[in-house]
Amino acid sequence: MIDYAWHDFVGNIGVACILGTYLALQAGKMRPDDASYSVINGMGALLILVSLYFDFNLSSFIIECFWLVISVYGLVRRTLAS
């Protein structure tokens with residue numbers, strides 16, 4: 001039997017957010033300087049970090065921390081440019 005907890009579901013939503021924004025970017029449906037791109041990516045990273053809190057993996061934790069920091073950086077940079 002597969003053990004699928006609520007935090008696994010939350011992490012999978014995070015994965016869908018990140019992959020969905022990347023697909024939208026590659027398909028020309030989203031621009032990298034859109035605030036929504038950074039917000040959805042940051043939210044995805046945060047949701048994956050919630051999942052990692054319950055089932056820790058150091059490599060995944062490191063990349064998601066950087067993904068979140070880079071997303072926040074993009075939002076701040078965009079806000080300051082406005």
Side-chain angles (χ1 to χ4, degrees):
M1 183 172 176
I2 297 174
D3 183 28
Y4 191 76
W6 69 268
H7 53 84
D8 296 316
F9 180 70
V10 168
N12 287 335
I13 292 172
V15 169
C17 288
I18 291 173
L19 291 178
T21 55
Y22 188 58
L23 176 61
L25 177 70
Q26 295 303 317
K29 303 293 183 186
M30 187 174 276
R31 294 172 28 133
D33 58 345
D34 288 344
S36 59
Y37 181 76
S38 293
V39 168
I40 297 169
N41 268 305
M43 189 59 129
L46 191 60
L47 292 173
I48 294 170
L49 285 169
V50 168
S51 176
L52 288 170
Y53 176 80
F54 294 94
D55 192 10
F56 189 75
N57 177 296
L58 181 59
S59 298
S60 296
F61 178 78
I62 291 169
I63 197 166
E64 294 311 322
C65 284
F66 275 97
W67 204 264
L68 181 58
V69 168
I70 292 166
S71 295
V72 170
Y73 168 76
L75 281 172
V76 170
R77 185 171 174 253
R78 183 182 186 286
T79 302
L80 294 176
S82 300

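Since this is a predicted model, take the numbers as computed values, not measurements.
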Rounded to the nearest 0.5 angstrom, the CG-CD1 distance for D34 and I40 is 9.5 Å

Tightest non-hydrogen contact, residues G42 and S71, listed as N-OG, 3.4 Å

Tell me which donor-acceptor pairs under 3.5 Å the side chains of residues 59-68 have, and how far apart each pair is, sequence neighbours excluded?
residue: S60; atom: OG; partner: N57; partner atom: OD1; Å: 3.4
residue: W67; atom: NE1; partner: N41; partner atom: OD1; Å: 3.1

Would you say the side chain of W6 lies within less than 4.5 Å of the side chain of V50, judging by non-hydrogen atoms? yes

dist I70:CD1 -> R77:CZ (nearest 0.5 Å) comes out at 12.5 Å

Does I48 belong to the same Ile/Leu/Val/Met/Phe/Trp/Tyr cluster as I13, with side-chain heavy atoms less than 4.5 Å apart forming each link? yes

Separation between CG (L46) and OG (S51), nearest 0.5 Å, reads 11.5 Å

Find out whether N12 and Y4 are in side-chain contact, i.e. whether some heavy atom of one side chain is under 4.5 Å from a heavy atom of the other. yes

When hydrophobic residues are tied together by side-chain contacts of less than 4.5 Å, even through go-betweens, does V69 share a cluster with L49? no

Report task. Find out if a path of hydrophobic residues (ILVMFWY) with successive side-chain heavy-atom gaps under 4.5 Å connects L23 to V15. Result -> no

When every non-hydrogen atom of P32 is compared with those of L25, the smallest separation belongs to CD-CD1, 3.3 Å

Quiz item: Taking everything shown except F54 itself, do over 12 heavy atoms lie less than 6.0 Å from its CZ?
Solution: yes

Taken to the nearest 0.5 Å, the spacing of I18 CD1 from M43 CE works out to 11.5 Å

d(L75 CG, Y37 OH) to nearest 0.5 Å is 12.0 Å

